[in-house]
Number of protein chains: 4
Amino acid sequence: MAYRTTPKMVERKQARRNALLTAAIRLFGRKGFHATTVPKIVAAAHSSTGSFYFYFKNKEDIFAAALEVIGESISQALNEAIAAAGPEVLRQMRTAVKALVRFLADHPEEARILIIESSGLGKRLETVRRNLVASHTRSVEHALTAIRGQLPPMETAVVASCWVGAVYESVFHWLEQPPDQRLPAGQLAQAIASFNLRAVGAPREVLQE
Amino acid sequence: MAYRTTPKMVERKQARRNALLTAAIRLFGRKGFHATTVPKIVAAAHSSTGSFYFYFKNKEDIFAAALEVIGESISQALNEAIAAAGPEVLRQMRTAVKALVRFLADHPEEARILIIESSGLGKRLETVRRNLVASHTRSVEHALTAIRGQLPPMETAVVASCWVGAVYESVFHWLEQPPDQRLPAGQLAQAIASFNLRAVGAPREVLQE
Amino acid sequence: MAYRTTPKMVERKQARRNALLTAAIRLFGRKGFHATTVPKIVAAAHSSTGSFYFYFKNKEDIFAAALEVIGESISQALNEAIAAAGPEVLRQMRTAVKALVRFLADHPEEARILIIESSGLGKRLETVRRNLVASHTRSVEHALTAIRGQLPPMETAVVASCWVGAVYESVFHWLEQPPDQRLPAGQLAQAIASFNLRAVGAPREVLQE
Amino acid sequence: MAYRTTPKMVERKQARRNALLTAAIRLFGRKGFHATTVPKIVAAAHSSTGSFYFYFKNKEDIFAAALEVIGESISQALNEAIAAAGPEVLRQMRTAVKALVRFLADHPEEARILIIESSGLGKRLETVRRNLVASHTRSVEHALTAIRGQLPPMETAVVASCWVGAVYESVFHWLEQPPDQRLPAGQLAQAIASFNLRAVGAPREVLQE
DNA sequence: GATGAATGAGGCTTCATTCAT
DNA sequence: CATGAATGAAGCCTCATTCAT
């Protein structure tokens, strides 16, 4: 009757929530939102329907949570990469693209959720996904604005969209191919980065790795 | 054995089928595949469940038909544009991009179906959609290969994906914005075309309209 | 404007009706009543839905017509056999059983309709089928009554049912087996006839063929 | 992790399942497989569609379950009867027939399901039903083989089918008659048993009860 | 008479969500 | 907090039947 929530309980709580979330990410990534049913998630997580609705408001909610987790993972990966890239903006951008491609290539389920499976899911989720993508787009836009002087004039908002679209679509296409016919991830990343950098008129030196 | 199929009957048949297909495209474009139900389609087309299944095998089937119609419309638009662009490949490519952007901007429902709503829908539809997008990608790839000598070396397959992705994502982003805040379609098209052409290393002259 | 119905027309009419009926019998016999759809019947008969409903009131109607055709074929086969069997009643009965078994074995589709597929089909058809079977049962009952003196006392109505049931069930069972594992039809007929004759207490001499 | 399945829950589960199954048996027996719809079953059982599909895979499944329940009831009735009949095989057979007839006469819905309504329902159900009937047939066959020496030579497999068919058809016929015109069940059973025993050439003594 | 397009009632089934234990 | 049985709305689809040509 003493403590309502001991530390151990909190831990367990998180553990169960995570188990559900992890299972959900795997299933969403493999089968998509609609083909993934709540019963399947709870089965995969060795949990129960009741628990599911204790931790998540509904199916949309866990999908949104999944998107957020993915978004955070990506942010982290990008930030680390950028931090390691030194102060030069174009170099940071190149590094960021490559980090993003690598992340998506290494986490195909997350990639599918982000790029493919979260389309056409109703306003709420579309918004969550949009924000995620938009945060990338905005980063690109910021960067471009910061070095505006070094580059030819351009419609930065549109260019930022193109930049992100180029990454997503080509990774998507790459993921759709049978693994044994894929270009090595490194080359894919390099090719995309070059495409984008050239597209914004980066000087020749930064195009090579 | 008397009356076979009179021309008038054939006409009506086509009309009915088209009514269903048109209604379906509108709904798919607005609400997506899953939120569009067969009852809603038949209601919008002033038809009946029975007729629906007389003309289409099932819901997937009409979606595939919709994608095909869209694909054909786009092909036609692109071919016309390219034909009018003269013999120079890079100029053709620029024209094609702009024609595509214009088409998508003018047909937002079709655009949504193509870009967003047809992802993550199961193998059959994914294939149809893939073929459609792939046909664009391949066209780009062909063009790039044809003028390989004039351009810096590149991973053409990846570049083609980037090219298409840049178009789709930026148009999508544009469509998501409230109409009164949108860049004029012409400028959008111009910006995307420039992005892509610069990305493949086109000489400065072709970058301007 | 002269004759409303020429003989040739009557002929054609019959021909089309027969085509439908024949196709229906084949399909009913193979797939059963419910799995046989009107579209399938008209397709198999190279006819049309409209014609179907011109010649038959509805699906039940054509099934009833099929049962009648089958009943008539069987009656004819039995009458011929009995006529050829001479005046002795028990010999007639034995002949009749064997003729029935042969007919069913030779016409498996008709047999399936009569024995299997027409069960559980609603009052109307059950009645038609029942009358058919009942007419056999009654024949048996008549015969038994006619020679009451030569046989041990028995509940003739029940015995007649048993007699018919023995035939149907064993033919049914026989039909269900793969053709290459079946007893030859002649032996089957013989075995059933013996069973029934012995069951009514027929003297030893008539048990053999 | 606290409360697992309490005994009370298991009890309720069984109760709910049984309610559905019982309602289904009644409806199947009265209206047949096709005329019995899932909504009707759940209404009769005061349950819900969801529960139905929680306990049974589909409509076929509950029909199969019904057949199994019926089969078990019959087996039990027969085994009890046989056990009480002493060691003599022919006497056991006579007892078994009478027990079966009594069971069917006492359970007309179950009888209809077994004899009539389960024919022509597709492979799966046909198999279940076949196995049920076949188990009777085989019992008869075993018995006949066991006492082969005391009986005239015969095609035991065919004879077993005849035996079962005689029972089913005559009970069916009996059930079809209005209750007030029916022979008392005891006499029916006696008549059928005599028919079958005489048919296999049983000596006169066992023919009487 | 013949044709086949059109209709719509109604069946089966799934699954997100709730709630008693 | 955990469990899983229960619910029922709603979707997809089939098919017997009608009717305009």
Side-chain angles (χ1 to χ4, degrees), chain A residues 4-5 9 12-13 16 34-43 47-62, chain B residues 1-10 12-13 15-17 34-42 47-60, chain C residues 4-5 9 12-13 16 34-43 47-61, chain D residues 1-10 12-13 15-17 34-42 46-60:
Chain A
R4 288 295 270 271
T5 46
M9 282 167 73
R12 293 241 177 129
K13 223 175 123 163
R16 202 167 276 278
H34 283 99
T36 299
T37 69
V38 174
K40 279 181 193 162
I41 295 174
V42 303
S47 182
S48 66
T49 333
S51 282
F52 181 95
Y53 282 92
F54 178 78
Y55 290 112
F56 301 97
K57 197 151 55 65
N58 51 33
K59 203 177 133 185
E60 261 200 354
D61 196 42
I62 200 177
Chain B
M1 240 180 229
Y3 327 77
R4 288 243 154 229
T5 45
T6 68
K8 216 190 314 188
M9 284 166 68
V10 173
R12 290 199 197 209
K13 237 179 106 161
R16 181 71 70 171
R17 205 191 113 103
H34 284 100
T36 299
T37 70
V38 173
K40 280 180 192 162
I41 295 174
V42 303
S47 182
S48 66
T49 329
S51 278
F52 181 93
Y53 285 94
F54 181 78
Y55 288 109
F56 302 96
K57 201 151 54 63
N58 50 36
K59 206 175 120 185
E60 259 201 356
Chain C
R4 289 295 271 273
T5 48
M9 283 168 70
R12 294 238 177 130
K13 224 174 119 163
R16 202 167 276 280
H34 283 99
T36 299
T37 69
V38 174
K40 278 182 193 162
I41 295 174
V42 304
S47 184
S48 66
T49 334
S51 281
F52 181 94
Y53 283 92
F54 177 77
Y55 289 112
F56 301 96
K57 197 151 54 66
N58 51 36
K59 203 176 132 186
E60 262 201 353
D61 196 41
Chain D
M1 239 179 230
Y3 327 78
R4 289 244 155 228
T5 44
T6 67
K8 217 194 302 187
M9 284 168 68
V10 174
R12 289 200 198 207
K13 237 179 108 161
R16 182 70 70 168
R17 203 190 114 105
H34 285 101
T36 299
T37 69
V38 173
K40 280 179 192 163
I41 295 174
V42 302
H46 302 291
S47 182
S48 66
T49 331
S51 277
F52 181 94
Y53 284 94
F54 180 78
Y55 288 110
F56 302 96
K57 200 151 54 63
N58 49 36
K59 206 175 120 184
E60 257 200 359

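Remember, it's a predicted structure, so these values are computed and weren't measured experimentally.
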Separation of [N] [atom2] from [X] [atom1] (nearest whole Å):
X: Phe52(B); N: dG11(F); atom1: CZ; atom2: C1'; value: 12 Å
X: Glu60(A); N: dA16(E); atom1: CD; atom2: P; value: 12 Å
X: His34(D); N: dT14(F); atom1: NE2; atom2: C1'; value: 12 Å
X: Lys57(D); N: dC12(E); atom1: NZ; atom2: P; value: 15 Å
X: Phe56(D); N: dC12(E); atom1: CZ; atom2: P; value: 15 Å
X: Ile41(C); N: dC15(F); atom1: CD1; atom2: C1'; value: 12 Å

Under 4.0 Å from OP1 or OP2 of [N]: is there any side-chain N or O of [X] that close?
X: Arg16(A); N: dC1(F); result: no
X: Arg17(B); N: dA5(E); result: no
X: Arg12(B); N: dA6(E); result: no

On DNA chain F, check which nucleotide each of Lys40(C) and Lys59(B) is closest to and give me the residue with the more 5' one.
Lys59(B)
Walking DNA chain F from its 5' end, the first of Ser47(A) and Ser51(D) to be reached, judged by nearest nucleotide, is Ser47(A)
Nucleotide nearest [X] (side chain, heavy atoms from C-beta), chosen from [options]:
X: Tyr53(D); options: dC12(E), dG4(F), dA2(E); value: dC12(E)
X: Phe54(B); options: dA16(E), dT13(E), dA6(E); value: dA6(E)
X: Lys13(B); options: dT7(F), dG1(E), dA5(E); value: dA5(E)

Rounded to the nearest 0.5 Å, how far does [atom2] of [Y] lie from [atom1] of [X]?
X: Ser51(D); Y: His46(D); atom1: OG; atom2: NE2; value: 13.5 Å
X: Arg16(B); Y: Ser48(B); atom1: CZ; atom2: OG; value: 7.0 Å
X: Tyr55(B); Y: Lys13(B); atom1: OH; atom2: NZ; value: 6.0 Å
X: Tyr53(D); Y: Lys59(D); atom1: OH; atom2: NZ; value: 8.5 Å

Give me the atom names and distance for the closest heavy-atom approach of Phe56(A) to Asp61(A).
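Result for this residue pair: CA-OD2, 3.5 Å.
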Restricting to non-hydrogen atoms, name the atom on Ile41(C) and the atom on Thr36(C) that form the minimum distance, rounded to 0.1 Å.
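Shortest heavy-atom contact: CG1-CG2, 3.6 Å.
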Where are the stems of DNA chain F, defined as at least 3 consecutive Watson-Crick or wobble G-U pairs with both distances under 3.5 Å?
E:2-21 with F:2-21
Comparing Thr49(D) with Tyr55(C), nearest DNA chain E nucleotide closer to 5' gives the residue Tyr55(C)
